[in-house]
> 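Questions regarding the structure given below will be posed in turn.
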Protein chains: 2
Amino acid sequence: MPEATYNQFCPVAMAAEILGSRWTIVLIRELCAGSTRFNDLRRGVPRMSTALLSKRLRELEAHGIIERRSVEGNSSQHEYHLTAAGKDMTDVIMAIGIWGQRWIDTELHLDNSDPALLMWDMRRSINQGALPLRRVNVQFNFNDVARNEACWWVVSDPEHGVDLCLKDPGFFVDLYVETDIKTMTAIWMGLASVTSALSNDKLLLSGDTDVANGMHDWLGLSLFAPYEKQVAPSD
Amino acid sequence: MPEATYNQFCPVAMAAEILGSRWTIVLIRELCAGSTRFNDLRRGVPRMSTALLSKRLRELEAHGIIERRSVEGNSSQHEYHLTAAGKDMTDVIMAIGIWGQRWIDTELHLDNSDPALLMWDMRRSINQGALPLRRVNVQFNFNDVARNEACWWVVSDPEHGVDLCLKDPGFFVDLYVETDIKTMTAIWMGLASVTSALSNDKLLLSGDTDVANGMHDWLGLSLFAPYEKQVAPSD
DNA sequence: CCGTATCCGGGGGGATACTG
DNA sequence: CAGTATCCCCCCGGATACGG
């Protein structure tokens with residue numbers, strides 16, 4: 001945090017002194033999305049070093065945006081929770097995200113999309129209510145991604161929530177999803193639909209027909225998917 | 001602008017790559033407030049070097065947020081206008097400002113408030129409709145500010161708009177406003193009222209009674225004044 | 001799992017001077 | 001008025017290794 005402050009009384013400038021440092025906005029987004037544990041936060045900001053993450057968390061705490069709590073029973077475990085001020089920051093994050101969704105040309109960013117991050121975000125928005133009332137295991141295969149990050153399992157269990165695995169959990173696979181990372185990202189961001197990707201042969205579903213047909217329901221999208229892009233894509 | 005990008009497809013992260021560099025948020029605020037000329041922008045971000053201002057303007061242009069136009073008749077004069085994308089950024093600036101107004105403790109910032117910046121902001125929000133339909137000249141005296149920035153004249157003319165002068169324009173003075181910089185800033189930010197400052201003897205008005213009595217009307221406040229602070233001030 | 005400590009390079013950006 | 005040009009320091013933040 002630069003003590004080289006803007007020296008302005010304007011609330012925008014004062015808030016900008018917090019938001020202006022690298023990674024802070026993205027980190028707050030991850031906190032607003034619900035992550036509370038250090039390693040969960042890491043998954044949402046994978047390219048941020050642990051040292052910097054730790055530093056930013058202390059800064060946010062000092063600014064009264066988050067609160068650090070010990071997990072009961074284990075004093076070396078901690079959780080980071082948004083304060084009232086932090087929850088109120090959701091409005092800021094949404095405004096920023098809506099602007100980005102509407103005005104930033106995405107082509108470039110789609111190409112080097114990180115599968116781990118995509119799956120981490122997708123996991124969070126899976127709509128269990130649209131899945132059968134039993135354990136459902138969906139295997140995602142990305143055909144254009146390095147082998148060690150190409151295959152993911154999303155296990156939805158009415159009792160345990162949704163789990164994301166990079167190792168085969170060994171369960172029966174209800175649905176196989178085969179696609180490339182760019183298509184999957186575009187769908188999740190609301191720039192393409194399951195239906196259109198299927199008819200383009202960019203997306204292949206095999207397995208349980210009901211689960212396959214319901215994909216556009218149980219696959220929740222990005223919070224910003226509803227906001228239509230206002231600029232034409234570059235290609 | 002760091003090419004060291006966040007490498008995330010999330011719209012929040014993509015927008016944060018623009019907003020995250022120093023001064024950018026404050027500069028966009030000034031653009032949203034209506035400044036279009038280089039030197040007008042400077043007055044809104046007085047501590048920013050011209051070199052950096054120029055650089056940021058080029059970046060904003062590259063991002064499609066502003067458009068640089070030549071002033072007709074003089075090709076060496078330029079104006080910076082928000083594009084549609086830039087105008088849409090107003091929502092982001094408002095969200096940030098509202099958050100700042102509600103949650104940031106202002107005490108520290110009020111103390112080193114810059115009178116030039118305050119007057120520049122105040123000038124913009126003067127409500128001419130609440131002033132007599134003639135030229136009105138209000139002289140502000142700050143009793144705790146270095147001599148060369150202590151005295152300002154605000155000249156409102158129905159035909160020419162509102163002008164701000166640091167040199168005596170020589171007109172008859174309709175109203176003298178005597179106060180300290182902290183009080184004036186607090187009033188403009190909505191943290192104090194003209195009435196309360198008068199009764200505290202922090203503010204002294206002399207001259208035309210009508211203009212004095214109407215001050216809380218013609219003195220428009222900060223855009224963020226209506227939003228109530230959610231945290232108790234530190235002192 | 002949950003961080004801290006330390007090193008170190010690159011560049012962001014402040015200051016100053018100068019031009020058309 | 002509207003910027004460029006240049007210097008150069010400092011510190012942000014990436015990388016790596018290590019402790020509880």
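Letters A, B, ... are given to chains in the order of the sequence lines, protein chains preceding strands, and every chain is numbered from 1. The figures here come from the full heavy-atom set of this structure, side chains too, leaving out hydrogens, waters and symmetry mates.
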> Under the 3.5 angstrom rule, does the side chain of B/Gln128 hit a backbone N or O of B/Asp157 as a donor-acceptor pair?
yes
> Determine the interatomic distance between P on C/dC2 and the same-named atom on D/dA17; round to the nearest Å.
22 Å
> Using atom CZ of A/Arg43 as one end and atom C1' of C/dC1 as the other, report the distance to the nearest whole Å.
13 Å
> Can you check the A/Arg42 CZ to D/dA15 P distance for me, whole Å?
12 Å
> A/Arg22 side chain: which of D/dG13, C/dG14, D/dA2 is closest?
D/dG13
> Tell me if a side-chain donor or acceptor on A/Lys229 pairs with a main-chain N or O of A/Gln101 at a distance below 3.5 Å.
yes
> Not counting sequence neighbours, which residues clear ring pair (Phe, Tyr, Trp, His ring centres under 6.0 Å) with B/Trp153? List them please.
none
> Using whole Å, report how far CE of B/Met48 lies from P of D/dA2.
16 Å
> NE2 of A/His78 versus C1' of C/dG3: gap in Å, rounded?
9 Å
> Using Watson-Crick pairs (N1 to N3, plus N6-O4 or O6-N4) and G-U wobble pairs, both distances under 3.5 Å, which stems of at least 3 pairs involve DNA chain C?
C:3-20 with D:1-18
> Looking at residues at least two apart in the chain, or sitting in another chain, which of them share a side-chain hydrogen bond (donor to acceptor under 3.5 Å, both in side chains) with B/Ser113?
B/Thr185
> Under the criterion side-chain contact (heavy atoms from CB on, under 4.5 Å), I'd like the reasoning laid out for B/Leu57 against B/Leu41: C-alpha separation, chi angles, the key distance, then a yes or no.
CA-CA 10 Å; B/Leu57 287 170; B/Leu41 291 166; 4.0 Å; yes
> Is the shortest distance from a Lys or Arg side-chain nitrogen in A/Glu59 or A/Arg56 to a carboxylate oxygen in the other one below 4.0 Å?
yes
> Taking 4.0 Å as the cut-off, does a side-chain nitrogen or oxygen of A/Gln77 come that near to OP1 or OP2 on C/dC2?
yes
> Is the B/Tyr6 ring parallel, tilted or perpendicular to the A/Trp23 ring (thresholds 30°, 60°)?
tilted
> Taking only Lys NZ, Arg NE, NH1 and NH2, and the carboxylate oxygens of Asp or Glu, determine whether A/Asp121 and A/Arg124 approach each other closer than 4.0 Å.
yes
> Which residues pass the ring pair (Phe, Tyr, Trp, His ring centres under 6.0 Å) test with A/Trp218, sequence neighbours left out?
none
> Return no unless some side-chain N or O of B/Trp23 is found under 4.0 Å from OP1 or OP2 of C/dG12.
no
> With A/Ser35, which of A/Glu30, A/Arg43, A/Glu79 fulfils side-chain contact (heavy atoms from CB on, under 4.5 Å)?
A/Glu30
> Atom pairs under 3.5 Å, N or O on each side, protein against nucleotides 4-11 of chain D: can you list them with distances?
| from | atom 1 | to | atom 2 | distance (Å) |
| --- | --- | --- | --- | --- |
| D/dT4 | OP2 | B/Ser54 | OG | 2.5 |
| D/dT4 | O4 | B/Thr50 | OG1 | 3.0 |

> I want to check one thing: is the phosphate of C/dG13, taken as OP1 and OP2, less than 4.0 Å away from some side-chain N or O of B/Arg56?
yes
> Starting at CD of A/Glu61 and ending at C1' of C/dC2, how long is that distance when rounded to a whole Å?
15 Å
> Salt bridge or not between B/Asp174 and B/Arg134? Use side-chain N to carboxylate O under 4.0 Å.
yes
> What residues from residues 28-37 of chain B pass a heavy-atom cutoff of under 4.0 Å to DNA chain C?
none
> Output the rounded distance in Å from CG (B/Asn39) to P (D/dG3).
9 Å
> Starting at atom CG of B/Leu27, determine the distance to atom P of C/dG13, rounded to an integer number of angstrom.
13 Å
> Roughly, in whole Å, what's the span from CG in A/Asp40 to P in C/dC2?
8 Å
> State whether A/Tyr6 places a side-chain N or O below 4.0 Å from either non-bridging phosphate oxygen (OP1 or OP2) of C/dG14.
no
> Looking at A/Glu107 and A/Lys182, is any side-chain nitrogen of the basic one under 4.0 Å from a carboxylate oxygen of the acidic one?
yes
> Counting only side-chain heavy atoms from C-beta out, which of D/dC1, C/dG13, D/dG13 sits nearest to A/Leu52?
D/dG13
